[in-house]
Structures are given as structure tokens and as C-alpha cells.
Amino acid sequence: MELTWGLMIVIYLFAAGLSAGAMITSNLSYLYGGQDFQRVSRVGALITPFPISLGLGVLVLDLGSPFNFYQLFLTLELSSPMSYGSWLILIFSIFSIINFYLWLPKKFQIVGQTLQLEKGKKLLAKIMPFLSVGVASYTGLLLNAAVRPIWNAPLLPILFLVSAFSTGVAAVILIATLSPWERARHKELHVLTMADVGLIILECLLILFIIVMGRFSSDSESVAFGSLLYGHYAWIFWLLIVGFGLMLPLLLEFMELKNKIPVKWTWPVTISSSFLVIFGGFFVRYIITYAGQTSSWF
Amino acid sequence: MTIRMGFVIITSRCIDCDACMVACRSENDVPLGHTRNWVKSSGVQGQFPKVSERFQPGNCMHCDNPPCVKVCPTGASQKRPDGIVIVENKKCIGCKYCLTACPYDARFSNPETGKADKCTLCLHRLEQGLEPACVQTCLGKSRQAGDLNDPDSIVSKLIAQYPTRILLKNVGTGPNIYYIDEAVPEIPEGK
């Protein structure tokens with residue numbers, strides 16, 4: 001078929017994952033890291049509303065009848081991941097904006113008392129991880145439900161979940177490193193980098209499983225995955241995803257953890273490795289969205 | 001028994017005149033560049049001098065188990081009790097999810113309305129007791145439509161008499177276009 005869902009949808013899938021990942025990074029840093037992880041918790045909370053807002057914007061613009069979008073919220077169709085997903089991202093977005101406010105520096109918090117706000121922070125930090133997991137993985141269920149080769153891979157929701165967290169952690173590392181204000185401490189970055197290394201390894205395994213399972217499924221699916229391995233999408237898959245998006249940042253982050261990077265190089269290396277993770281995460285969404293549509297059953 | 005509307009298409013009777021596509025476009029005001037039905041060619045088959053080409057007309061299969069209806073987030077895509085799959089324009093937001101879910105690529109996004117568009121089995125004509133436009137116009141009588149559950153219908157009689165095949169059986173959609181490839185010298189009488 002011709003391309004029905006284009007770049008707008010890719011941007012949305014990526015942005016929703018990024019926000020969910022940054023949110024959960026912030027929540028867990030706050031819950032388990034406490035005062036020592038104040039900075040990264042704050043960075044995560046403050047960046048979360050922006051990617052998802054951008055994603056929702058392009059999503060509505062991509063509709064054939066954008067002014068009719070409210071129809072989504074007049075019903076709940078449980079068989080349609082887009083229906084429950086819309087409710088989920090609506091709630092997530094509202095909470096992420098409240099959470100944003102709670103993490104603003106005190107002088108900007110014109111409403112509410114400090115003690116209450118602190119309670120709110122703690123409560124949201126406990127609720128948001130569940131919503132984040134939902135937002136990050138339903139995008140995989142969304143593609144699953146439109147039974148197409150590649151899109152029907154049963155591990156797709158898990159891959160999107162792991163990729164979302166990986167890009168979310170990387171975004172927090174990137175902004176916390178670049179930020180002139182409340183720049184993250186070494187210890188915070190060290191823990192986040194460790195988490196990201198784990199997530200990248202998990203993501204590599206998931207991609208491997210998905211491809212092996214696909215290649216051993218029906219002919220239609222095998223051919224579809226062939227387009228990633230040696231066909232039309234091979235250069236994106238091998239160069240942009242496997243090379244620049246997974247192996248290179250994995251190597252850089254591993255060297256960072258082992259303190260193999262000379263001090264004057266730490267800053268640029270941290271920035272480039274986290275940027276590459278985000279870059280790779282984008283192309284994971286891209287390749288799956290596109291390759292799923294250019295392949296069909298036969 | 002409940003009504004189950006569908007098609008029988010006899011490929012051996014199709015000459016690729018595309019009159020069904022023209023009739024549909026004119027009946028349903030389908031915008032240029034898009035179509036609700038089609039005629040696909042098998043390409044040249046066999047070795048010279050024994051060559052052949054088969055034409056396979058198609059449109060929405062009005063599936064028993066329509067993926068387009070399942071994924072629709074607003075309930076705009078519906079399967080009617082008589083089996084016809086329709087889009088309720090008022091509810092459609094144009095998200096194009098159904099387009100991606102249809103394995104037959106039977107839907108398109110109508111640039112004039114911003115809605116998902118597809119074959120309605122000429123519901124408005126059926127209500128007046130007429131045949132769908134593509135069926136009425138078909139000069140080879142290749143296209144037949146009717147109630148697949150009614151043993152007296154032309155479609156049921158054809159299915160009873162000739163071997164049939166459906167498209168993408170493995171995907172599990174339960175399509176309601178039955179294809180007959182054998183020569184059918186005479187179309188049976190029926191409803």
C-alpha cells in the first residue's frame with residue numbers, strides 16, 4: 001500500500017515514548033534517589049510535557065478531519081488501542097503539566113503551599129510510572145492491532161517500552177549535562193548511564209528476537225523483515241539504528257562507566273552518546289512505521 | 001437466517017474494461033486519483049505460445065471479521081447486521097487507522113471529506129431495490145452481489161455450483177468476495 005501514516009506519526013510515536021521515558025526517569029530518581037538525585041528528577045519533570053505536546057499537535061494535524069478529534073473522547077472502544085491510548089495520553093499529558101508545575105523553582109510556584117506541593121510531587125511520582133509504561137507500550141499495541149507484517153510482532157510493545165525508557169534516560173542525561181542551571185552531578189549521571197547501558201543491551205536483544213521470530217514466521221513476514229536486513233531499509237537499520245543508535249552509544253557509555261574517557265572529553269562524549277541514543281530511538285519508530293506499511297500479506 | 005451480503009466475482013468473465021470502476025466513480029462521486037474498486041491483472045502467465053492473463057476485480061470484502069472496524073477509535077467504522085461494512089462520516093476523524101489495518105487496501109482517505117472512504121455495496125441503491133452500480137454495469141456479468149445466506153440468490157447458486165477461492169484466507173478476515181476462476185457459461189436465475 002502507499003504510505004498512510006508518514007513522518008507525523010513517526011514523530012508522535014517517538015515523542016510520546018520520549019516523554020514517558022523522561023517521566024519515569026524523573027519519578028524513579030526522585031523515589032529511590034531522593035535529595036542526591038534532585039537535579040535529574042527536576043530535569044525529567046521539566047522536559048516531559050514538551051515532546052508529548054509536540055506529538056499531540058502533529059497527531060491532530062495529521063487527521064483528515066482535525067476539528068472532529070473530540071469524537072475520540074465521546075467513547076471508549078476497548079478493541080481499538082487508539083481509543084484507550086487517546087484517553088491514556090490525555091491523562092498523562094494533564095498530569096505531566098501538573099508535575100511540571102510541582103517541580104518548578106519555588107519562586108514560580110504562585111499557587112499552593114510548599115508542603116502540599118511536596119506531597120503532590122510524591123503522589124505523582126508513584127502514579128506516573130504506571131501511566132508512563134502505558135503510554136510507552138500502547139504505541140506498540142497500536143501497530144499490533146493493524147495486523148500487518150512487522151507491525152504484528154508480539155514483542156513490539158516491549159521494544160517500544162524499552163526504547164522509550166532508553167531515549168527518556170538519554171534525554172535527561174543530555175539536558176542535565178547541557179543545562180547551565182542545576183547541572184547534574186557525576187553520581188547522578190553515572191547511575192543514569194548505567195541504566196541506559198542496561199536498556200540498550202535489552203533493546204538489542206529484543207530487536208534480535210523480533211527479527212529471528214519474524215524470519216521464521218510466514219513468508220510475508222519473512223520477506224518484510226528481509227527489507228530491514230538487506231532490502232530497502234537496510235542502510236537505516238544497520239547504519240542509523242544498529243551502528244549509530246545502539247553500538248556506538250553503548251561503547252561510549254561503557255567507556256564512561258569504566259572511566260576510560262579523559263576528563264576534557266567527558267562533556268562532549270556524554271552529550272554525543274545521549275544524543276545518539278535519542279537519534280537511534282527515532283529511527284526505530286521510523287523504520288517500523290514505514291517498513292510495516294510498505295510490506296503486505298501475500 | 002440473517003442476511004450476509006457479499007459478492008461473487010467470476011474472473012473468467014472479466015475483460016478488464018474497467019466499466020465497474022467508472023460506474024462506481026460516477027454513482028458515488030469518488031474523487032479522481034482514488035477508487036473504491038479495482039481490476040488487478042495477474043500479468044502474463046505461462047510460456048509462449050501458451051500464455052494467459054487473468055483479471056481480478058475487487059473492492060471492500062465486507063469481511064466477517066473486519067480489522068478496520070476493530071481498530072476504529074470512534075466507532076465510525078461499523079459492520080451492519082446485513083454484513084455491509086460502512087463508515088459513519090459524522091464520527092470519522094480521519095485518523096487513517098482503518099486504512100493501515102485493511103489487508104486488501106480497500107479504503108482510502110477522501111481528500112474532499114477528510115474521511116475514510118470505501119465501497120458501501122451501493123447501500124443507497126439496494127434500498128431502492130437496485131443492484132450495486134458495478135454489478136449492473138458489468139458487461140461480462142463477472143460481478144454478482146447478493147445475500148450469501150440465501151440459497152436462492154445468484155451468488156449462493158454460483159458458490160454451490162463452482163469451486164471458489166477467497167483472498168488472504170491466512171489473515172483470518174473472513175472476506176465475503178468469492179472468486180470463481182472456472183468458465184461459467186450461464187449465470188443462474190435467482191435473486
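None of these values were measured; they are calculated from a predicted model. Lettering follows sequence order; numbering is per chain, from 1.
Both the backbone and the side chain of A:L142 come within contact range of chain B, each with at least one heavy atom under 4.5 Å from a heavy atom of that chain. Proximity to chain B is absent for every atom of A:Y84, based on heavy atoms less than 4.5 angstrom apart. Contact of B:T74 with chain A is made through backbone and side chain together, with heavy-atom distances under 4.5 Å. Only the side chain of B:N170 has a heavy atom closer than 4.5 Å to any heavy atom of chain A. For B:T173, no part sits under 4.5 Å from any heavy atom of chain A, backbone or side chain. Contact of B:C95 with chain A is made through backbone and side chain together, with heavy-atom distances under 4.5 Å. Both the backbone and the side chain of B:V71 come within contact range of chain A, judged by heavy atoms closer than 4.5 Å.
Below 30°, between 30° and 60°, or above 60°: for A:F244 and A:F279 the angle between ring planes is above 60°, a perpendicular geometry. Classified by interplanar angle (parallel below 30°, tilted 30° to 60°, perpendicular above 60°), the ring pair A:Y290/A:Y286 is parallel. The aromatic rings of B:F108 and B:H34 lie parallel to each other, their planes meeting at an angle below 30°, with 60° marking the opposite boundary.
Under the side-chain contact (heavy atoms from CB on, under 4.5 Å) criterion, B:T164 pairs with B:I159, B:Y178, B:I180, sequence neighbours left out.
Under the 3.5 Å distance criterion, the side-chain polar atoms of A:S227 are matched with a main-chain donor or acceptor of A:A224. Of the possible polar contacts, one joining the A:Q293 side chain to the A:T4 backbone as a donor-acceptor pair under 3.5 Å is found.
Between B:D181 and B:R54 there is a salt bridge, with a side-chain nitrogen of the basic residue lying less than 4.0 Å from a carboxylate oxygen of the acidic one. Electrostatic pairing of B:E131 and B:R125 does not count as a salt bridge here, judged by no charged N lying under 4.0 Å from a carboxylate O. With salt bridges taken as basic N to acidic carboxylate O contacts below 4.0 Å, one links B:R36 and B:D117.
With rounding to the nearest 0.5 Å, the separation of CG in B:L126 from OG1 in B:T120 is 8.0 Å.
For A:F50 and A:F100, the gap between ring centers is short of 6.0 Å.
If you tally non-hydrogen atom pairs under 4.5 Å between each of B:S109, B:G75, B:C68, B:A116 and chain A, the highest count goes to B:G75. Contact tally against chain B (heavy-atom pairs below 4.5 Å) for A:S220, A:A145, A:P66: the top residue is A:A145. Taking chain A as the reference chain and counting heavy-atom pairs below 4.5 Å, the highest number among B:P103, B:P111, B:C92 is found for B:C92.
At a heavy-atom cut-off of under 4.5 Å, chain A is reached by no residue from residues 150-158 of chain B.
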